[in-house]
Amino acid sequence: MFADDYPRFIELSESTPEWQDHRPNRRSASEQRSRMNERYEALFASNRDILEGARVLDLASHDGRYSFAALKTGAAHVTGVEVRQSLIDRAQEAFAFYGQDPATYRFVCGDMFEVLAREKFDVDVVLCFGFLYHTYRHTELMYRLHNLAPRHLIVDTMVTRETRRTLKVIRERDVEDIRSAAQDAWAVRQVLVLRPSVPALRMLLRSYGFEIESMYDWKGRLNGRPPVPGVDGYAKGTRVSLRCRSREPAITPGWERVATLPTAVGPRPHKGGRKPSPTPPPAQSAGEWRERVNKMLAKATGYELRRASTKR
């Protein structure tokens, strides 16, 4: 198993001083080991066919454990982008510990959006793990990835369980937490992020030229087993792993079109094959409508609506 073969990443995480990592919910070594092993099978072993010989870009690469996993799955080269230098230092220490050839990897320290706008990357596969729910700049990110035109994009993200296309606004609790979004130039005292539903994520990906090839069957993997530490989000359906491909690079080799990924099933149709007609809400009088709107306006602006005089 991956974490058992390469425990140095966990050892370095455990030795991190509390002033650098003061999370009250910091994962234990056993949770990290279990999580690394399960994620390796889901995100790397199952995608070996696209990773072997590939040039990989790892966004928000953290301490490099999954950049390293890409190399051990057969990637030719990996570039990690991480905003926190302390995490890059840990990655480089672990890579050196295992004697990884320095010609096969590179880490870039900086804000991801600035790095993607500034640098040119020639890559086959992009890894986007644990980042989409730590930003509100989804369209900017997807625009940059569209221009990179990798053959494949692997996304692992927390999601809401909404069956509609929604983005939930969330305030990051602690920007000093190394697993949270870093403070940026557009934040004032707090950082707001957006968490997508799966239908919203699909729409976002398709809008920028990516088709979902498959969604990893986490429930099938975990079903019937005792609770596995560190992967409860996958078991509950609040975290998903998607394998996507870029439509434009797929045109040349003539790959077949990807079938539409099934979404969550809505309400069952009414017996007889037809859905019952929804009951319309009771109509509001003009006075009731004006009173309701005035309450909202007064709360938000201090102003209210009044009927204009027709006298001249």
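Just so it is clear, the model here is predicted, and its values are computed rather than measured.
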Discussion item. A quick test of your reading: do over 12 heavy atoms of other residues, nucleotides or ligands sit less than 6.0 Å from CZ of R164?
Written reply: no

Response to the item:
Taken in chain and number order and not counting sequence neighbours, the residues that satisfy salt bridge (Lys or Arg N to Asp or Glu O under 4.0 Å) with D124 are R55

Worksheet item: Does any donor atom in the side chain of S34 or E38 lie under 3.5 Å from an acceptor atom in the other side chain?
Response: no

Worksheet item: Who passes side-chain contact (heavy atoms from CB on, under 4.5 Å) against L141, sequence neighbours left out?
Response: L59, M112, F113, L116, C128, F131, L132, L145

Discussion item. If we ignore hydrogens and angles and just use 3.5 Å, is the side chain of E82 paired with the main-chain N or O of H62 as donor and acceptor?
Written reply: yes

Worksheet, complete the sentence: Across all chains, not counting sequence neighbours, the side-chain contact (heavy atoms from CB on, under 4.5 Å) partners of K219 are D217

Worksheet item: What is the minimum heavy-atom distance between A3 and N37, and which atoms define it?
Response: N-OD1, 2.7 Å

Practice prompt. Could you tell me whether the side chain of L205 reaches within less than 4.5 Å of the side chain of R202, counting heavy atoms only?
Written response: no

Fill in: Side-chain donor/acceptor of H152 to backbone N/O of V125, under 3.5 Å
no

Worksheet item: Looking at residues at least two apart in the chain, or sitting in another chain, which of them share a salt bridge (Lys or Arg N to Asp or Glu O under 4.0 Å) with R8?
Response: E11, E93

Worksheet item: Any ring pair (Phe, Tyr, Trp, His ring centres under 6.0 Å) pairs touching residues 69-95, not counting sequence neighbours?
Response: F68-F95, F95-Y105, F95-F107

Discussion item. Looking at every heavy atom in both R195 and Y133, which two are closest together, and how far apart are they?
Written reply: NE-CB, 4.1 Å

Worksheet entry | For T139, all residues meeting side chain to side chain donor-acceptor pair (under 3.5 Å), sequence neighbours excluded | none

Fill in: Exercise: do Q85 and D89 side chains pair donor with acceptor under 3.5 Å
yes

Discussion item. Could you walk me through whether Q32 and S13 satisfy the side-chain contact (heavy atoms from CB on, under 4.5 Å) test, starting with their C-alpha distance in whole Å, then the side-chain angles of each, then the deciding distance to 0.1 Å, before giving a yes or no?
Written reply: CA-CA 9 Å; Q32 290 190 65; S13 176; 3.4 Å; yes

Worksheet, complete the sentence: salt bridge (Lys or Arg N to Asp or Glu O under 4.0 Å) filter on R161, not counting sequence neighbours, yields none

Practice prompt. Return yes if some donor-acceptor pair links the side-chain N/O of S197 with the main-chain N/O of T166 below 3.5 Å, else return no.
Written response: yes

Worksheet item: Is there a donor-acceptor pair under 3.5 Å between the side chain of D111 and the backbone N or O of E114?
Response: yes

Worksheet item: Counting N and O atoms only, with roles assigned by atom type, does the side chain of R247 sit under 3.5 Å from a partner on the main chain of R206, one being a donor and the other an acceptor?
Response: yes

Discussion item. So, using side chain to side chain donor-acceptor pair (under 3.5 Å) as the criterion, who are the partners of E140 when residues are at least two apart?
Written reply: R137

Worksheet item: With R106, which residues qualify under side chain to side chain donor-acceptor pair (under 3.5 Å), at least two apart?
Response: E119

Worksheet item: Does D49 have any side chain to side chain donor-acceptor pair (under 3.5 Å) partners at least two apart in sequence or in another chain, and if so, which?
Response: R243

Discussion item. Can you list everything that forms a ring-ring contact (aromatic ring centres under 6.0 Å, His included) with F2? Sequence neighbours excluded, please.
Written reply: Y6, Y40

Item to complete: Please report the C-alpha distance between D156 and R39 in whole Å, then the side-chain angles of each, then the deciding distance to 0.1 Å, and finally whether the salt bridge (Lys or Arg N to Asp or Glu O under 4.0 Å) criterion is met.
Response: CA-CA 10 Å; D156 184 89; R39 293 185 90 196; 2.8 Å; yes

Worksheet item: Apart from Y234 itself, which Ile, Leu, Val, Met, Phe, Trp or Tyr residues share its cluster (side-chain heavy atoms under 4.5 Å, direct or through members)?
Response: Y216, W218, L222, V228, V231

